[in-house]
Amino acid sequence: MSGKPKLHYFNGRGRMETIRWLLAAAGVEFEECFLETKDDLTKLQKDGSLLFKQVPMVEIDGMKMVQTRAISNYIAAKYNLYGKDLKERALIDMYVEGIIDLNELLMGHTFQPADKKEQHFATIVDKATNRYFPVFEKILKDHGQDFLVGNRFSRADVQLLETLLMAEECKPDILAKFPVLQSFKARISNVPTIKKFLQPGSQRKPPLQEKDVQKVMKIFH
Amino acid sequence: MAGKPKLHYTKGRGKMESIRWLLAAAGVEFDEEFIEKKEDLEKLINGGSLLFQQVPMVEIDGMKMVQTRAILSYIAAKYNLYGKDLKERAWIDMYVEGTTDLMGMIMYLPLQPADTKEKNLALIIERATTRYFPVYEKALKDHGHDYLVGNKLSWADIHLLEAILMAEECKRDILSAFPLLQAFKGRISNIPTIKKFLQPGSQRKPPPDEKYIANVRKIFNV
């Protein structure tokens, strides 16, 4: 037994990607076990490994953890990425939940039927640039610090960077009106553990290609 | 300034109900300001009170908190309903995410197209009885304690009771195969703060009716 956390998911971003980011940012090495077919998922469901019969599942510290938020919360707290007290946690939680909402929108884009794609894209751009980015631009501008909460690196910074990069994949100039977020992006990308994760050959996964959508749907449906 | 938390939402369950449950269980008195029409929501948005232009919003301890999970986590931690250490928190989080998924299905049911209602209701009952309830029944059976985590009342117990009662509104005998959950329901319902919340006249909200749903659609554009 290696002692390293072991991630069970398909070989793609989905709901596991945020967990990969957090572990990488914390400098924690991890292993991955990829589901390639529906049988792989069924096997895990049948052997009692999945509390609610779903992945993500992460074997960590003797637990088989499920539920993305539960796993992320545990990792963030364990590796001191969750603020210093209740109030900082509250801010981090609020920011992270907003980021997750945007992230879900972005993630859902590849799965939209062809006739809905254009409108969905417009919704993403609208929400990103009118609802979410202005909030984080203002927070950083108001306190002038390098990190979102408590003048210290936290999961909020990691998750915001992840989502900024995903948004840029959707529309490369999406940060055009957000200079402070552009600096934030550069700064957090240079945190050594994150810089390493952003390099080719890391466990970061590429965006899901159209050709792989069918394969993923087959595993889960 | 009253010092009591102040909840901003429509006068119905929705995403705020779990917050009402948790505050009530913790014995915390709270005020409510109801959004009755679109203009009320717009006023909150234009006033800069809503971080992401959404409710629920709870004024608490000098903050205008938004995002249901952030609010619930804060209340749970503040009132010692979040376990004693990281591992207990992990279990509470896992259990709560499960009940959140189940209650989410039930909450969105009235907003689904009419021709999918029957199918969605059947799915809720299937998920409740084959995916979710067996997990909690087994947890209680395995350790034999009164509460889900750490032999002490936590957010997980309160959330599960709320989910059980909502599921029973969908199908009255939905707990028939789960004797330990039936006992759990009786036990947790009898905790004084919760017993009070379950009585008529409390701030607990009833299931949505047609009129409420129509108004929600108007206010939130759904």
Side-chain angles (χ1 to χ4, degrees), chain A residues 15 45 48 50-54 56-58 60-80 82-83 85-102 105 123 126-128 130-136 138-139 142 148-149 156, chain B residues 15 45 48 50-54 56-58 60-80 82-83 85-102 126-128 130-136 138-139 142 148-149 155-156 221:
Chain A
R15 293 184 181 285
Q45 287 168 331
L50 307 178
L51 191 65
F52 300 113
K53 309 224 175 73
Q54 297 163 314
M57 188 270 276
V58 174
I60 184 168
D61 297 339
M63 298 180 285
K64 287 187 158 97
M65 286 200 73
V66 297
Q67 293 290 351
T68 314
R69 279 179 177 86
I71 299 164
S72 300
N73 288 353
Y74 182 78
I75 294 166
K78 183 176 177 182
Y79 296 102
N80 295 310
Y82 219 156
D85 57 28
L86 216 54
K87 285 230 168 154
E88 284 194 356
R89 265 195 86 125
L91 285 176
I92 289 170
D93 278 342
M94 280 193 275
Y95 299 161
V96 159
E97 286 295 308
I99 292 163
I100 289 173
D101 283 349
L102 178 55
L105 257 185
T123 302
D126 174 46
K127 289 267 151 78
N130 291 319
R131 176 171 289 187
Y132 295 107
F133 292 169
V135 169
F136 300 108
K138 183 179 192 295
I139 287 163
D142 282 355
L148 282 168
V149 178
Chain B
K15 287 182 184 282
I45 292 172
L50 307 179
L51 190 65
F52 301 113
Q53 298 153 25
Q54 297 164 315
M57 188 271 275
V58 174
I60 183 168
D61 296 339
M63 298 180 284
K64 286 187 159 85
M65 286 199 74
V66 296
Q67 294 290 348
T68 314
R69 279 179 179 85
I71 298 165
L72 287 166
S73 296
Y74 181 77
I75 295 167
K78 183 177 177 183
Y79 296 102
N80 296 309
Y82 218 159
D85 58 28
L86 218 54
K87 284 227 169 160
E88 286 193 355
R89 268 195 85 126
W91 282 103
I92 290 168
D93 277 343
M94 282 192 269
Y95 291 148
V96 159
E97 287 296 303
T99 38
T100 298
D101 283 350
L102 178 58
E126 190 210 316
R127 285 279 153 83
T130 63
R131 179 174 289 192
Y132 296 108
F133 290 165
V135 168
Y136 303 99
K138 182 178 192 295
D142 285 353
L148 282 170
V149 179
W155 173 19
N221 257 352

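Computation of the quantities below employed the complete heavy-atom set of this structure, encompassing side-chain atoms and omitting hydrogens, waters and symmetry-equivalent molecules. Chain letters run A, B, ... following the sequence lines, proteins first, then strands; residues in each count from 1.
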Determine, stepwise, if the pair Asp101(A) / Gln67(B) fulfils side chain to side chain contact (heavy atoms under 4.5 Å, CB included).
CA-CA 10 Å; Asp101(A) 283 349; Gln67(B) 294 290 348; 3.4 Å; yes

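- When all heavy atoms of Ala90(B) and Ala70(A) are compared, the closest pair comes out as O-CB, 4.3 Å.
- With a 4.5 Å cut-off on non-hydrogen atoms, Arg131(A) touches chain B through its backbone and its side chain both.
- Distance check: Phe52(A) CZ to Asp101(B) CG gives 8.0 Å after rounding to the nearest 0.5 Å.
- The CZ atom of Arg69(B) sits 7.5 Å away from the CD1 atom of Ile100(A) when rounded to the nearest 0.5 Å.
- Between Ala90(A) and Tyr74(B), the shortest heavy-atom contact is CB-CD1, 3.8 Å.
- Looking at Arg89(B), only its side chain comes within 4.5 Å of chain A, counting heavy atoms on both sides.
- Counting non-hydrogen atoms of neighbouring residues, nucleotides and ligands closer than 6.0 angstrom, the CZ atom of Arg89(A) exceeds 12 such neighbours.
- Residue Leu51(A) holds its CG atom at 6.0 Å from CH2 of Trp91(B), rounded to the nearest 0.5 Å.
- Between Asn73(A) atom CG and Met94(B) atom CE the span is 11.0 Å, to the nearest 0.5 Å.
- Chain A forms more heavy-atom pairs under 4.5 Å with one residue of Val66(B), Ile92(B), Thr68(B) than with any other, namely Val66(B).
- Put simply, the side chain of Leu86(A) reaches to within 4.5 Å of the side chain of Lys78(B), judged on heavy atoms.
- Contact of the Lys87(A) side chain with the Asp61(B) side chain is registered, since non-hydrogen atoms from C-beta on lie closer than 4.5 Å.
- Atoms OG and CZ, from Ser73(B) and Arg69(A) in turn, are 9.5 Å apart once rounded to the nearest 0.5 Å.
- Scanning both residues, Met94(A) and Leu51(B), for their nearest heavy atoms gives CB-CD2, 4.4 Å.
- Shown here for Glu97(A) and Ala70(B), the closest heavy-atom pair between the two residues is CG-N, 4.5 Å.
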